[in-house]
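Have a look at the structure below before the remarks.
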Number of protein chains: 2
Amino acid sequence: MPYDPSAFPPFAVTVDLVVLTVRRHALCALAVRRGEAPFQGRWALPGGFVRADEDLSQAAARELAEETGLRAHDPDSPAQDNGAHLEQLATYGDPKRDPRMRVVSVAHLALAPDLPAPRAGGDANSARWAPVEELLQQGGYGRDGEQAAPLAFDHAQILSDGVERARSKIEYSSLATAFCPTEFTVGELRRVYEAVWGVALDPRNFHRKVTGTPGFLVPTGGTTTRQGGRPAQLFRAGGATLLNPPMLRPEV
Amino acid sequence: MPYDPSAFPPFAVTVDLVVLTVRRHALCALAVRRGEAPFQGRWALPGGFVRADEDLSQAAARELAEETGLRAHDPDSPAQDNGAHLEQLATYGDPKRDPRMRVVSVAHLALAPDLPAPRAGGDANSARWAPVEELLQQGGYGRDGEQAAPLAFDHAQILSDGVERARSKIEYSSLATAFCPTEFTVGELRRVYEAVWGVALDPRNFHRKVTGTPGFLVPTGGTTTRQGGRPAQLFRAGGATLLNPPMLRPEV
DNA sequence: AGTGTTTATCGTCAGGCAGACGACTATGAT
DNA sequence: ATCATAGTCGTCTGCCTGACGATAAACACT
């Protein structure tokens, strides 16, 4: 059977980003305000079309840089620089997910340390970090008394999937360090786990666990008191990516 | 900015399937022989174009049924009928992955019990179950002395990712039962783990573990001697999908 | 200077689970 | 009858975790 270009329907392909960070003890996601129909004025996940000569991961990295200024890690290289972790999440292709046309969106998950205010084309009003609970709740009112309209398109589902991926992945990998600055303390890392999982962890058992896992943390020699209290040792992320045995998420 | 249909490049979107099963103590994948260029005559993963009115999971289920006759489970329903497990794996969109045009492929992973010979349009010579090692090795010769040419396109990468997903997922979920018929013995389930992981497991510890995990296995009351030796109890898959604590894959 | 507060860090102890492995049971094959 | 094969039940030991006590080192008060 010869190749027939009319044998398949054309699609638009986009990348959407779930960019997560931890701010003020809460798991937050980057949201942008839509300036055009459909869903004009509603919050959405950042994203855009994949270009003709671009790989999917390249498109995701480009969108991430445009929205946050972050460079993405190559997932295969050691996590040494200050870039964000970026990985493919899932692909969403319901025929009705975009009322204009057939769009397949390849969602990606990015984890970033706490950043300064987002810059979206210089318009501070069109992008923000919002707690994921606020973005995912149906109805109700957000922190500023603003009506919490649901996210545009199927972005609530995408965000929910991304959060669940992050929650499970910090169990068995060292990914939680992607939420931390280059140097961090055990307590700061513990507060990441507490924010992402929404639970309280025992500081003593947590300290024993993370410092006892080979390759997870590397002491830098320095200390800090930026959290108050007794000075804490500073660490960098070690080379290990898989934690064995994993961190255990407390029961419900 | 108004909606501009020329603002994005058109893509073809396909689904490719990694269909795994366990045959003769080996993890096998379904491969089809390509009848047309490019890669004519080479083995490839089954797959096809997503239709204009179809969701991605629908397209994957349709392709699975066309290739194997299996109906796919709804991933949210209990695994009671004899359908196969089907889940989205990852999406591959390198601009050069198909020399003809820009194709984005949404790969799916299917796990099936041992099946009769595959039927691909009635042509028994164009589809087969092959051990994944054989499909993934570069060069060398397969079981029948046939030159083991690499899989077409980037299908070796897709297959490799699918196998890795299956290997890790049977650790913390009850998915290994998807490789078994409706009723199975503990020994048969253990041989599934051994084939997928490529290791030997202690039959006594394995028996203690799986029968002691609540909701994993439900005894049917029957017994069988189809494996020889002492009659073994028959079980069905229980309702539990997540195993906590997980099965532990032995160290390398 | 002393006291309280906060955070970090070390230790102890009991319970649970996994790996190693012995022992016994119930079939079919020779 | 004996053997080979597979299944099932126990035991023991070591490791890890959760629960918690205790100490250390900073800062903010008074």
Side-chain angles (χ1 to χ4, degrees), chain A residues 24-25 170-172 180 183-195 197 199-235 240 242-252, chain B residues 22 24-25 170-172 180 183-195 197 199-236 240 242-252:
Chain A
R24 294 193 238 99
H25 294 198
I170 64 174
E171 285 188 57
Y172 58 88
C180 295
E183 294 198 346
F184 55 90
T185 70
V186 173
E188 289 164 349
L189 183 62
R190 174 169 49 83
R191 281 182 278 276
V192 165
Y193 274 92
E194 292 178 331
W197 283 346
V199 297
L201 299 175
D202 185 289
R204 299 157 289 190
N205 292 337
F206 184 86
H207 188 279
R208 177 184 59 192
K209 172 72 177 174
V210 296
T211 57
T213 299
F216 194 3
L217 300 183
V218 177
T220 66
T223 62
T224 182
T225 63
R226 61 184 171 221
Q227 296 291 337
R230 170 176 166 180
Q233 268 188 278
L234 284 169
F235 295 87
L242 254 45
L243 305 182
N244 201 346
M247 302 288 305
L248 289 185
R249 174 157 37 164
E251 302 292 319
V252 185
Chain B
V22 174
R24 292 194 239 99
H25 294 199
I170 64 174
E171 284 188 58
Y172 57 88
C180 295
E183 295 197 346
F184 54 90
T185 69
V186 173
E188 289 164 349
L189 183 62
R190 174 170 48 83
R191 281 181 278 275
V192 164
Y193 275 91
E194 292 179 332
W197 283 345
V199 298
L201 299 175
D202 185 289
R204 299 156 291 189
N205 293 336
F206 183 86
H207 188 277
R208 177 182 62 191
K209 172 70 178 175
V210 296
T211 57
T213 299
F216 193 3
L217 299 183
V218 177
T220 66
T223 62
T224 183
T225 62
R226 60 184 171 222
Q227 297 292 337
R230 171 176 164 180
Q233 269 189 280
L234 283 168
F235 295 87
R236 281 185 291 103
L242 255 46
L243 305 182
N244 201 344
M247 301 288 304
L248 290 185
R249 175 158 34 163
E251 302 292 320
V252 184

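Protein chains get the first letters and strands the later ones, always in sequence-line order, with residue 1 at the start of each.
Taking 3.5 Å as the limit, the base of D/dG10 and the side chain of B/R204 contain no donor-acceptor pair of atoms between them. Between the side chain of A/R230 and the base of D/dA26, no donor-acceptor pair of N or O atoms lies under 3.5 Å. Contact of B/R208 with D/dG10 (side chain to base): no donor-acceptor pair of N or O atoms is detected under 3.5 Å.
In this structure, B/R191 places its CZ atom 13 Å from P of D/dT5, rounding to the nearest Å. Regarding A/R249, its CZ atom lies at a distance of 13 Å from the P atom of D/dG18, rounded to whole Å. One interatomic measurement links the two molecules: CG of A/L234 to C1' of C/dT9, which rounds to 15 Å at whole-angstrom precision. Regarding B/L189, its CG atom lies at a distance of 17 Å from the P atom of D/dA6, rounded to whole Å. Between the P atom of D/dA6 and the CG atom of B/L201 lies a distance of 15 Å, rounded to the nearest Å. C/dT6 atom C1' lies 15 Å from atom CD of A/E188, rounded to whole Å. Distance A/Q227 CD to C/dT5 C1': 15 Å, rounded to the nearest Å. Per the geometry, CG belonging to B/N244 stands 10 Å off P belonging to C/dC17, to the nearest Å.
For B/E188, the side chain to side chain contact (heavy atoms under 4.5 Å, CB included) test picks out B/F184, B/T185, B/R191, B/R226, B/Q227, with sequence neighbours left out.
Within the model, atoms CE of A/M247 and CZ of A/F216 stand 6.5 Å from one another, a figure rounded to the nearest 0.5 Å. To the nearest 0.5 Å, atoms CG (A/L248) and CG (A/L243) are separated by 11.0 Å. For the atom pair CG (B/L234) and CD (B/E183), the distance works out to 5.0 Å, reported to the nearest 0.5 Å.
Nearest nucleotide to the side chain of B/L248, out of D/dT17, C/dG19, D/dT8: C/dG19.
Counting only heavy atoms from C-beta outward, the side chains of B/V192 and B/I170 never approach each other to under 4.5 Å.
Residue whose closest nucleotide on DNA chain C sits further toward the 5' end, between A/P231 and A/N205: A/P231. Map A/T211 and B/G228 each onto its nearest nucleotide of DNA chain C; the residue landing nearer the 5' end is A/T211.
At D/dG7, none of the side-chain N or O atoms of B/H207 fall inside 4.0 Å of OP1 or OP2 (strictly under the cut-off). An OP1 or OP2 oxygen of C/dC17 is reached within less than 4.0 angstrom by no side-chain nitrogen or oxygen of B/K209.
Nucleic acid contact for A/R226: none, since no nucleic acid atom lies under 4.0 Å from a heavy atom of the residue.
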